[in-house]
Amino acid sequence: MTAATFDLRAKVLGYVFVVQEFTVLCAQTLAGLARPPWYLRDIVFQLDRIGVGSLFIVILTGLFTGMVLALQGAVQLEPYGATIYVSRLIGTSVVRELGPVLAALMIAGRVGTGIASEIASMTVTEQIDALRAEGTDPIQKLATTRLIACLIMIPLLTIIADGVAILGGWLVAKLYLSIDSYFYWTWAFEAIHRRDIVLGLVKPVVFGFIIAMVGCYAGFQTKGGTVGVGLSTTQSMVSSSILILASDFLLTKLFMAFP
Amino acid sequence: MDAGTPMITLRSVGLMLGARPILKDVSLDVRPGETKVILGGSGSGKTTILRLILGLYRPDQGSIFVGGQEITHLGERDLSEIRQRMAMVFQNAALFDSLTVRENVGYRLWERDLLSDEQIDLAVIESLRFVGLEDTVDKMPAELSGGMRKRVGIARALASGATALLYDEPTAGLDPINTCMVGRLIQRLKTKGVTQIVVTHDLDTAYRVADRIVMIASGRILFDGTPDELRRSAVPAIREFLDPGSMPPDWRLLPKPDIVDEPAG
Ligand SMILES: Nc1ncnc2c1ncn2[C@@H]1O[C@H](COP(=O)(O)OP(=O)(O)OP(=O)(O)O)[C@@H](O)[C@H]1O
Ligand SMILES: [Mg+2]
């Protein structure tokens, strides 16, 4: 066997190992949902940190997304004399795709890396071992609480991002495109079907799961002191972004398969 | 469990970390109420032994018993029950950064929720008083010096109410007054019948508190006996540890007469 194939083999085995470990962590985290202690105080704290802490960036993300969509959409619709229907385009694309994905990417950057670096530094300073020595299950105490908080907060933040994006589109429509407000809002809501809303809410739940679990996994598997903390943090951002985009495609495809 | 059964037993324990053997054929017994000191050079495997006893590592060979129950193959859930009987003072304290000193020291009492808030608070203050830090209760660990953190770590172990205490270098980084204080504390807990394992390379403290001393080098037991037996030992590796200045400077280069196959640290 040449050195190159050996290297490839080791790499592939490495990935398989990571996937296996990640799956085990997810299973243990979910198992933590099913039995006491519930760590309500930790959950409330995480809800506040994840939810309230991310509100501002999510609002900004939504606002500018909606505004730029209105500008670009108007350019596309102009030749057909359909500029006044720009809110249809904004409504559906925001609720189905851009709201969930952009909010999740921003939250991955803020919350996911925060989870990873916090757990990573607890790992390298033996605080995780100290928790185990106290008879506490670190996965239940740290991962399960953060997963619950992400599963609740990320859909809520996404709804806010969606709303603000449509509002941003309305600002542009009103100020630059001189579209009647009544017309804008009527068509915005007309275009959003129940299916879009379901898809737009399933996605952030999946993304919340990805953000929480990738962050926790990166934290728990940290090795090698403070250097390791930095690596884990970066790794969590890269991995969760890719997983978010890939699962977004898969979910959309899956939804289209069931009309 | 009667007084005859050991509280903690390691039987021919071997451990590899990565591809490296860290412990080889380590056996030791700690009886209830006994204070055992583990001596050994840096990197000899002392911390590793404590981590094995707590079930933080799993041995590759041999078996470990706590309170007569074998823990070698227990899962995390069962281990957490066993761990509640013990408390460990970590080498670098390992305080929870996100909690205040009060919450750190009372952590186990809070988690177990058997006492009222007032009772927990009393226990926390009392433990902190033992280590002379009752005025830091509302500080965060980051605001404390290294030696203070260590003492909070000791207070956390005390407050847990555990029947076995494991100390990883409790006096390293402490000034002479606090070193003496920790020694007294261990002696007092001895009279209360607490089982204790003290890892240290501080000989004064070792002689002062030990019922029995174990010395390890390169992951092997080099000596297991009373403090007096240790003092009388003629094994060169032990003599060097006890009094490094007394050895000829090149004794390690002479033909090896003892069981140490690779020098410690
Ligand atoms: N996670 C690990 N992976 C690989 N090797 C390790 C690991 N932890 C410790 N070791 C090695 O195991 C050996 C024993 O380590 P241990 O921490 O038990 O030493 P120690 O006796 O406590 O030393 P010190 O007095 O310096 O604290 C050392 O040689 C160390 O390099
Ligand atoms: Mg050590």
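First the proteins, then the strands, lettered A, B, ... as listed; each starts at 1.
- Both the backbone and the side chain of B:Leu56 come within contact range of chain A, judged by heavy atoms closer than 4.5 Å.
- When B:Met88, B:Gln91, B:Arg156 are compared by the number of non-hydrogen pairs under 4.5 Å with chain A, B:Arg156 comes out ahead.
- For A:Leu131, the parts lying under 4.5 angstrom from a heavy atom of chain B are both the backbone and the side chain.
- Of all residues spanning residues 28-50 of chain A, those with a heavy atom less than 4.5 Å away from chain B's heavy atoms are A:Arg35, A:Tyr39, A:Arg41, arranged by number.
- Legend: ring pair (Phe, Tyr, Trp, His ring centres under 6.0 Å) pairs involving residues 90-114 of chain B, not counting sequence neighbours, sorted by first then second residue: B:Phe96-B:Tyr107.
- Only the backbone of B:Leu95 comes within less than 4.5 Å of a heavy atom of chain A; no side-chain atom from C-beta onward does.
- Note that the CG atom of B:Asp97 and the OG1 atom of A:Thr125 stand 5.5 Å from one another [nearest 0.5 Å].
- Between A:Glu126 and B:Arg51 there is a side-chain heavy-atom pair separated by less than 4.5 Å.
- Minimum heavy-atom separation, B:Ala94 to A:Ala130: O-CB, 3.7 Å.
- Here the shortest heavy-atom pairing between B:Ser80 and A:Gly135 reads CB-O, 3.5 Å.
- None of B:Arg108, B:Arg112, B:Gln84, B:Arg83 except one satisfies the side chain to side chain donor-acceptor pair (under 3.5 Å) rule with A:Glu134; the exception is B:Arg108.
- Take B:Glu70 and apply the side-chain contact (heavy atoms from CB on, under 4.5 Å) test, not counting sequence neighbours, and it matches B:Ser63, B:Phe65, B:Thr72, B:His73.
- Listed for the B:Glu76 side chain is no donor-acceptor partner under 3.5 Å among the backbone atoms of A:Asp137.
- Annotation: residues 163-175 of chain B contacts chain A through no residue [non-hydrogen atoms, separation under 4.5 Å].
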